[in-house]
Each structure stands twice: as structure tokens, then as C-alpha cells.
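Worksheet for the structure shown next.
Worth saying up front: this structure is predicted, and the values here are computed from it rather than measured. Scope of the values below: all heavy atoms of this structure, side chains included, with no hydrogens, waters or symmetry mates.
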Amino acid sequence: PGEWGKRVALQSALTFDPVIDGSIFSASVGVTPFDHFKVLAGTDILGVSSAGTAPSVGQPDFISRYKANDRVYGGLSYVF
């Protein structure tokens, strides 16, 4: 893909918990427009389809507890 194909990095992940029917989707993109300089942006999205209580514990699980805490982030780095 040429020069930009070496300077752009895409990453994604999906974690699914069948017990609570919940998932975490993560995605990020990193761009290196110049040598030693990098720009990063990404997101984490949590969601559940059911009530979100683990049947054996009776307490809310991690995904259900933090499902309202979706995250969008960005950053810059320079290495010299």
C-alpha cells in the first residue's frame, strides 16, 4: 500500500462473555506522519444484552458494572 501503508496501524478486538451475553469492543488507529512522531486514537465500548448478573455469584459482573464507562482516547508521542 505504499509509504502510508507502513505509517498506519489499525487494531481491533472483541471479547464476548456468553454467561451474561455481554461484550467489549476495542479499536484503535495509530498514524506516524513523520519519523519519531505518532498520533493514536481509539475507543472501548462495553455492552450487555441480559440483566448482567452472573448466576453463580449473584453480583454484577465486570461488563455490567462498567457498561456505562465507554472510552474514547487519543494521544501524541515523540521519540528522539
Side-chain angles (χ1 to χ4, degrees):
E3 182 66 25
W4 278 102
K6 299 175 187 174
R7 296 185 177 267
V8 177
L10 302 173
Q11 187 175 15
S12 65
L14 178 66
T15 303
F16 179 72
D17 184 347
V19 173
I20 62 157
D21 197 20
S23 59
I24 302 172
F25 175 73
S26 300
S28 67
V29 59
V31 179
T32 308
F34 311 106
D35 291 341
H36 310 290
F37 183 74
K38 185 173 183 179
V39 179
L40 176 70
T43 186
D44 297 322
I45 301 171
L46 289 75
V48 293
S49 295
S50 64
T53 303
S56 62
V57 179
Q59 298 293 323
D61 58 276
F62 178 83
I63 297 174
S64 296
R65 182 176 295 146
Y66 298 108
K67 66 183 176 186
N69 293 344
D70 295 340
R71 175 174 80 149
V72 175
Y73 58 91
L76 301 170
S77 65
Y78 179 79
V79 179
F80 53 95

Worksheet item: Can you name the side-chain hydrogen bond (donor to acceptor under 3.5 Å, both in side chains) partners of S12, sequence neighbours left out?
Response: none
Worksheet entry | side-chain hydrogen bond (donor to acceptor under 3.5 Å, both in side chains) partners of D17, counting only residues at least two apart | none
What distance do [X] atom [atom1] and [Y] atom [atom2] have between them, rounded to the nearest 0.5 Å?
X: I24; Y: I45; atom1: CD1; atom2: CD1; result: 11.5 Å
X: S28; Y: D44; atom1: OG; atom2: CG; result: 9.0 Å
X: F37; Y: D35; atom1: CZ; atom2: CG; result: 12.0 Å

Discussion item. Among residues at least two apart in sequence or on other chains, which ones pass side chain to side chain contact (heavy atoms under 4.5 Å, CB included) with S77?
Written reply: K38
Discussion item. For S23, give me all partners under side chain to side chain contact (heavy atoms under 4.5 Å, CB included), at least two apart in sequence or on another chain.
Written reply: L14, F16
Worksheet entry | Hydrophobic cluster partners of V72 (side-chain heavy atoms under 4.5 Å) | none
Discussion item. Which Ile, Leu, Val, Met, Phe, Trp or Tyr residues join Y73 in one cluster when any pair of side-chain heavy atoms under 4.5 Å counts as a link?
Written reply: L40
Worksheet item: Got a donor-acceptor contact below 3.5 angstrom from the H36 side chain to the V79 backbone?
Response: yes
Discussion item. Main chain of T32, side chain of R7: is a donor-acceptor contact present, judged purely on distance under 3.5 Å?
Written reply: yes
Worksheet item: Considering only heavy atoms from C-beta outward, does the side chain of V29 approach that of V8 to under 4.5 Å?
Response: yes
Practice prompt. Check the hydrophobic clustering (I, L, V, M, F, W, Y; side-chain heavy atoms under 4.5 Å; chains of links allowed) and say if V19 and F25 are grouped together.
Written response: no
